[in-house]
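Notes follow the structure.
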Amino acid sequence: MAVHSLFHSQPQFSGFMKPCRFEGQVSSLEVRGRIPPAINGVFYRVMPDPAQVPFIENDPWFNGDGNVSAFHVHDSRVDFRQRYVRTEKFVKERQAGKALLGKYRNKYTDAVEFTVRSTANTNIFPFAGKLLACKEDSPAYRVNPRTLATEGLETFNGELPSCTFTAHPKICPDTGEMLCMGYEAKGDGTPDVCYFNVSPEGKVKEVVWLVAPVVALIHDFAFTENYVLFPLIPQTCDLERLKKGGEHWQWDPTIPFYVGVLPRKGAKGTDVKWFRAPNAFPGHTVNAFENEKGDIVFDLPSTDRNVFFWWPDKDGNAPEPSSIHAQLLRFTIDPKTKNLDLPPAEVLSKSDIEFPRIDDRFQGKSHSLAYFDLLDPSLGTDFARIMRPDVVGGGHPVYNALGKYNYKTNKMEAYCAGQTHLMQEPVLVPRSKDCEEGDGWLVALVNNYETMGSELHIVDTKDMSKAVAIVYLPVRLRAGLHGNWVDGWELDMLE
C-alpha cells in the first residue's frame, strides 16, 4: 500500500506558506503599467522552501531548502528563473526521496551525517564575480548568476577562516572589500566570533578572532569607517541542550542586549568592547557611521520582546505575535569610553518596521533616507480576511506597506499595495550610478491574499503613492528572507 507524503498542517506549511517547490523559467511575465526602461538588471532573492516533507512535524519556516529566484528586468519586461541551491542536504534528500535533516541547527537529530549542514536559504549576495547563497551556520554556496546552477562551496580558495559565514556580508563603497563575520565560529555552542574581510579580488585579508560574552545569535552587523559593530540577539545556544535533542535557540530575558565594537583595522580580539543595553531583540541593521565628534551612530529596528516567538524562554514563555512592535532606534556610542553601559537610544520613529534598506553607496556613511517593510493598521488592510493562521502562515512577518523614512523631516511615507496585500523585503534600484541618495525605485515581492498569487511591485521613490508597474507571477512564491539587486553593467562581472 502506498504511503502518502503530505506536508504537515501547521501554519508554516499552509496557505501562502505552502511550499512552492518550483524550478524553471518563464519569459516576459505579465505587467500592468510600464516598467521604466532605465531599470536594467536582476533582482535576486531566496526563500526557505522545503523540497521534501520534513520528518520534524513542527519544523520552523527557517529550515526550508534555499530556492533562488531571479527577476531579469530589461527592455521594460521581466524574465523569471528559479532554482534550488544544490546543497549537500538537498542532494542527499533528493537521492533518498525523503527528508534526512532533523531540527533547525541541531545535527544530533539528523537521520544521516552531513559534512556541511547548510540549507543556503537566507541571503543571495553578489561579490567578486560570484553570487553567494548564504546561511549563517556554514560556508556560502556559489551560484551561477545566469543559470542559477550551484557551483560549490565558497571557501575563498581555502582561506575561509571560520566554519560559519554571515548571512549579511557588507560591501565597503570606498574600498570594494567585503566585510564578513561568523559567530559560533568554532562550532555549535562556541562563543567565538571571527571577523574578516575579503579583497575585491576574492582574497581573505584581515582576520580577527574574538569571544562574545554569551553564545547568542548575531544575524546582522554594521560598520563605519573605523569600526565594526556586532549586535547580539538574546537567543542563546547551549550544546548540552542540543545533544539532548533540544532547540538550537532559547530566548533569555535575563541578559543584556550586547553590542560589540571592534576597531576595523589592525585590531586584536581583545580590543573589542561589549557595550550593554536593556534586554531587547535588535532587528536587521539600517546603517552605522561616525559623527563629527568621533562617536558611532548606529540605527536599527528593535523591540523589547522575542521576535522569534517559536523559540521561547526556558519556561516556555513567548509573546503574542501581534504584540511585537519594532521601532526605529538610534544608539550613539563613544568607542573610547570605559563605561560599557550604553546611553538610552533615541526613538526616531515609532512606526512598526523591519527589513531595512538604504542606498548601498552610503553604507558606513551618514545617510538621510531608509526604506522598510512597514505595518500600519490605518492603511485599510483587511486583516480579518487575511490574518487567518491557515492563510498567513506561522512565523511569516506581517507588513502591509513599504515605508520611506526621511531623517531630515522625520517623516515616514508609505506605499500600500491594496487591502489584501502583504509585503516582502524591498530592494533599492538606483536611477543611475551617480544619482542623489535614494533616487530610484523600490522593488518588492508582494503577497496577494485575494488571488493567493505573487506579484512584483515597482515603486518610484519620488512618489510612494502608487506603483509604476505590477508584474504578475505564474507561480505563488513562499515568503522569502533576503535578496539584492545587480545592475546590468555589473552582470558581466558575475561570470
Within the 4.5 Å heavy-atom criterion, are [X] and [Y] side-chain neighbours or not?
X: Asn447; Y: Gln424; answer: yes
X: Pro301; Y: Val286; answer: yes
X: Thr150; Y: Arg142; answer: no
X: Glu177; Y: Ser199; answer: no
X: Tyr371; Y: Leu442; answer: yes
X: Asp271; Y: Leu210; answer: no
X: Asp192; Y: Glu184; answer: no
X: Lys293; Y: Thr332; answer: no

If you measure from [atom1] on [X] to [atom2] on [Y], what distance do you get to the nearest 0.5 Å?
X: Arg305; Y: Glu320; atom1: CZ; atom2: CD; result: 10.5 Å
X: Asn123; Y: His168; atom1: CG; atom2: NE2; result: 5.5 Å
X: Asp137; Y: Thr164; atom1: CG; atom2: OG1; result: 8.0 Å
X: Asn287; Y: Arg357; atom1: CG; atom2: CZ; result: 12.0 Å
X: Leu374; Y: Asn400; atom1: CG; atom2: CG; result: 6.5 Å
X: Glu490; Y: Lys433; atom1: CD; atom2: NZ; result: 8.5 Å

Determine, for [X] against [Y], whether the closest basic-nitrogen to carboxylate-oxygen distance falls under 4.0 angstrom.
X: Lys336; Y: Asp295; result: no
X: Glu425; Y: Arg45; result: no
X: Lys365; Y: Asp174; result: yes

>> Go through it in stages, so that I can follow the logic: the residues are Glu290 and Asn226, the test is side-chain hydrogen bond (donor to acceptor under 3.5 Å, both in side chains), and I'd like the CA-CA distance, side-chain angles, deciding distance and then a yes or no.
In response: CA-CA 8 Å; Glu290 295 163 45; Asn226 295 298; 3.0 Å; yes

Is there a donor-acceptor pair under 3.5 Å between the side chain of [X] and the backbone N or O of [Y]?
X: Asn157; Y: Glu159; result: no
X: Arg361; Y: Cys435; result: yes
X: Asn279; Y: Pro256; result: no
X: Thr119; Y: Gly66; result: no
X: Ser76; Y: Ile35; result: yes
X: Glu437; Y: Leu369; result: yes
X: Arg264; Y: Thr224; result: yes
X: Asn40; Y: Gly488; result: no
X: Trp274; Y: Val211; result: yes
X: Arg330; Y: Asp299; result: no

> Of the options Tyr104, Trp61, Trp251, which is the one that meets Trp311 in a ring pair (Phe, Tyr, Trp, His ring centres under 6.0 Å)?
Replying inline: Tyr104

Once you measure the plane-to-plane angle for [X] and [Y], does it fall in the parallel (<30°), tilted (30-60°) or perpendicular (>60°) bin?
X: Tyr195; Y: Phe230; value: perpendicular
X: His367; Y: Tyr407; value: perpendicular
X: Phe196; Y: Phe156; value: perpendicular

Inspect the surroundings of [atom1] in [X] and state if more than 12 heavy atoms from other residues, nucleotides or ligands are less than 6.0 Å away.
X: Lys273; atom1: NZ; value: yes
X: Asp341; atom1: CG; value: yes
X: Lys265; atom1: NZ; value: yes

Nearest heavy-atom neighbours spanning [X] and [Y]:
X: Ala326; Y: Asp352; answer: N-OD1, 3.2 Å
X: Leu229; Y: Ala288; answer: CD1-CB, 4.3 Å
X: Ser454; Y: Leu477; answer: OG-N, 2.7 Å
X: Val207; Y: Val204; answer: CG2-CG1, 3.8 Å
X: Pro139; Y: Phe165; answer: CA-CB, 4.1 Å
X: Pro48; Y: Leu481; answer: CG-CD1, 3.6 Å

> Step by step, would you call Phe62 with Phe308 a ring-ring contact (aromatic ring centres under 6.0 Å, His included)?
Replying inline: CA-CA 11 Å; Phe62 289 170; Phe308 295 161; 5.2 Å; yes

> Quick one: are the ring centres of Phe298 and Tyr227 less than 6.0 Å apart?
Replying inline: no

> Going through the checks in order, is the side-chain hydrogen bond (donor to acceptor under 3.5 Å, both in side chains) test met by Tyr183 and His219?
Replying inline: CA-CA 9 Å; Tyr183 68 92; His219 178 63; over 6 Å; no

> Can you name the one residue among Leu348, Asn406, Leu328, Ile353 that meets side chain to side chain contact (heavy atoms under 4.5 Å, CB included) with Met412?
Replying inline: Ile353

>> Among Val459, Asp463, Ile458, which residue satisfies the side chain to side chain contact (heavy atoms under 4.5 Å, CB included) criterion with Val468?
In response: Ile458

> Which is it for His284 and His482 under the side-chain hydrogen bond (donor to acceptor under 3.5 Å, both in side chains) test, yes or no, and what are the steps along the way?
Replying inline: CA-CA 11 Å; His284 294 94; His482 301 291; 3.0 Å; yes

> So, is the end of the Lys186 side chain (NZ or CZ) under 6.0 Å from the ring centre of Trp209 and within 45° of the ring's axis?
Replying inline: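 Cation-pi check for Lys186 and Trp209: passes.
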
>> I need the full list of salt bridge (charged side-chain N to carboxylate O under 4.0 Å, His left out) pairs touching residues 213-241, with sequence neighbours left out, sorted by first then second residue.
In response: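 Found Lys170-Asp220, Glu240-Lys243.
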
Decide whether [X] and [Y] meet the rule of one side-chain donor and one side-chain acceptor closer than 3.5 Å.
X: Gln327; Y: His325; result: no
X: Tyr399; Y: Asp376; result: no
X: Gln235; Y: Asn306; result: yes
X: Thr337; Y: Asn339; result: no

>> Applying side-chain hydrogen bond (donor to acceptor under 3.5 Å, both in side chains), can you list everything that pairs with Asp304, at least two apart in sequence or on another chain?
In response: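 None.
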
> Step by step, would you call Val272 with Val261 a side-chain contact (heavy atoms from CB on, under 4.5 Å)?
Replying inline: CA-CA 5 Å; Val272 68; Val261 175; 5.8 Å; no

